[in-house]
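Here's the structure we're looking at; comments come further down.
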Amino acid sequence: MRMKSKQIEISKFLSYVLRHKPESIGLELDERGWASVERVVDCAVANGMQITRGSIIEIVMDSDKQRFCLSEDRLYIRANQGHSIRVDLGLEALISPEKLFHGTATRFLESIFKEGLQPQRRQHVHLSNDMETAIAVGKRHGVPVVLEIASGLMHEAEFEFFRSANGVWLTDRVPPEYLKIL
């Protein structure tokens, strides 16, 4: 489903405060990244962002990317992944598929094949189940290129993989020897 411009504005705001800078609006996340929806609304409004509990729930439910999730009682919200601050998402290590994919831009290839995929300012490297998603991610950064990750071999070498609530695969890093350009 396509989000409206106000929804996009609120979604970007939520991404910023729930993934990177909760303190910028006086918000505190618990160790698992959860914040009270009521507190998010109060802090946002106090900082000039017009947001309601209903608009938050609508964004969580309508977003095709599922960046956020609500607790079962809908009283708490958190980002599913992409944090630059330390949070414990409570994810269990899983056996990864044999191959995963990563979308990036051609301008990053030289450093990627020198250093591997690094989380940069995030907690984890994000990987996709399919090429289509990886292409879409790569387009956000420039001319897209898709890297195939030999995740099955990485798993055999005892690298850990996690799967976020919205299906994004996460790992700490991907060394260059496990990468191939498609």
Side-chain angles (χ1 to χ4, degrees), residues 1-94 100 102-105 108 117-129 132-142 144 160-174:
M1 179 177 279
R2 194 140 170 83
M3 286 204 276
K4 298 176 223 132
S5 63
K6 183 63 177 174
Q7 285 180 310
I8 292 169
E9 179 186 356
I10 293 170
S11 181
K12 287 181 178 183
F13 172 80
L14 290 174
S15 288
Y16 181 71
V17 299
L18 295 175
R19 290 176 168 179
H20 310 296
K21 294 277 188 186
E23 72 278 2
S24 69
I25 62 165
L27 184 67
E28 287 186 34
L29 307 180
D30 72 11
E31 66 279 353
R32 299 248 184 198
W34 293 101
S36 156
V37 172
E38 181 180 327
R39 183 78 178 128
V40 171
V41 170
D42 290 346
C43 290
V45 170
N47 284 273
M49 173 57 77
Q50 295 309 306
I51 188 172
T52 65
R53 176 174 167 56
S55 62
I56 289 175
I57 291 171
E58 184 178 329
I59 286 166
V60 173
M61 304 313 272
D62 289 352
S63 172
D64 56 347
K65 294 183 180 172
Q66 293 294 296
R67 288 189 171 110
F68 315 104
C69 62
L70 293 167
S71 59
E72 284 187 34
D73 58 10
R74 293 187 172 191
L75 295 177
Y76 296 89
I77 185 173
R78 76 172 178 186
N80 282 322
Q81 86 279 327
H83 299 85
S84 60
I85 56 174
R86 284 276 163 214
V87 296
D88 176 4
L89 295 174
L91 302 174
E92 292 185 32
L94 300 171
L100 289 168
H102 181 82
T104 190
F108 300 131
L117 290 172
Q118 303 293 324
Q120 304 303 337
R121 294 180 304 267
R122 306 272 173 113
Q123 271 188 259
H124 297 100
V125 173
H126 296 187
L127 305 172
S128 307
N129 274 324
E132 294 78 21
T133 302
I135 290 168
V137 170
K139 283 181 180 178
R140 294 191 334 230
H141 302 288
E160 288 188 317
F161 289 87
F162 307 91
R163 192 166 185 195
S164 69
N166 62 349
V168 174
W169 284 91
L170 309 170
T171 192
D172 291 335
R173 64 187 178 89
V174 178

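Quick caveat: nothing in here was measured; it's all calculated off a predicted structure.
Of all heavy-atom pairs spanning G26 and C43, the tightest one is O-SG, 3.7 Å. Nearest heavy atoms, R53 versus V41: N-CG2, 3.7 Å. For the residue pair V40 and A35, the shortest heavy atom distance occurs at CG2-CB, 3.8 Å. I10 and Q50 make their closest contact through CD1-O, 4.0 Å (heavy atoms, listed as atom of the first residue, atom of the second, distance). Closest non-hydrogen pair, G82 versus H20, comes out as O-CE1, 3.3 Å. Taking both residues in full, the closest heavy atoms of A44 and I25 are given as N-CD1, 4.1 Å, listed atom of the first, atom of the second, then distance.
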CA sep, side-chain torsions, deciding dist, call: I59, Q7, side chain to side chain contact (heavy atoms under 4.5 Å, CB included) = CA-CA 6 Å; I59 286 166; Q7 285 180 310; 4.2 Å; yes

Can you check side chain to side chain contact (heavy atoms under 4.5 Å, CB included) on C69 and Y76, steps first, answer last?
-> CA-CA 8 Å; C69 62; Y76 296 89; over 6 Å; no

Let me see the working for E9 and K4 under side chain to side chain contact (heavy atoms under 4.5 Å, CB included), right down to the final yes or no.
-> CA-CA 9 Å; E9 179 186 356; K4 298 176 223 132; over 6 Å; no

Go through the steps to decide whether V168 and L127 satisfy the test side chain to side chain contact (heavy atoms under 4.5 Å, CB included), and finish with yes or no.
-> CA-CA 6 Å; V168 174; L127 305 172; over 6 Å; no

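At least one donor-acceptor pair closer than 3.5 Å links the side chain of Q123 to the backbone N or O of V87. The backbone N or O of P119 sits nowhere less than 3.5 Å from a side-chain atom of H124 that would complete a donor-acceptor pair.
Looking only at side-chain heavy atoms (C-beta outward), V137 and R140 come within less than 4.5 Å of each other. Between L89 and H83, the closest side-chain pair of non-hydrogen atoms falls below 4.5 Å. Annotation: side chain of L117 is not in contact with side chain of R173 (no heavy-atom distance under 4.5 Å). Looking only at side-chain heavy atoms (C-beta outward), I85 and L29 come within less than 4.5 Å of each other. With a 4.5 Å cut-off on side-chain heavy atoms, I57 and I77 do not count as touching. At a threshold of 4.5 Å between non-hydrogen side-chain atoms, the residues T171 and L100 do not count as touching.
How far CG of L170 is from CD of E160: 12.0 Å, rounded to the nearest 0.5 Å. Atom-to-atom distance recorded for R39:CZ and D42:CG is 6.5 Å, nearest 0.5 angstrom. Between Q81 atom CD and W169 atom CH2 the span is 13.0 Å, to the nearest 0.5 Å. Within the model, atoms NZ of K12 and CZ of R67 stand 9.0 Å from one another, a figure rounded to the nearest 0.5 Å. Taking OG from S71 and CZ from R32, the interatomic distance works out to 14.0 Å, rounded to the nearest 0.5 Å. In this structure, CD on E92 lies 9.5 Å from CZ on F162, to the nearest 0.5 angstrom.
No more than 12 heavy-atom neighbours from other residues, nucleotides or ligands sit within 6.0 angstrom of CD on E38.
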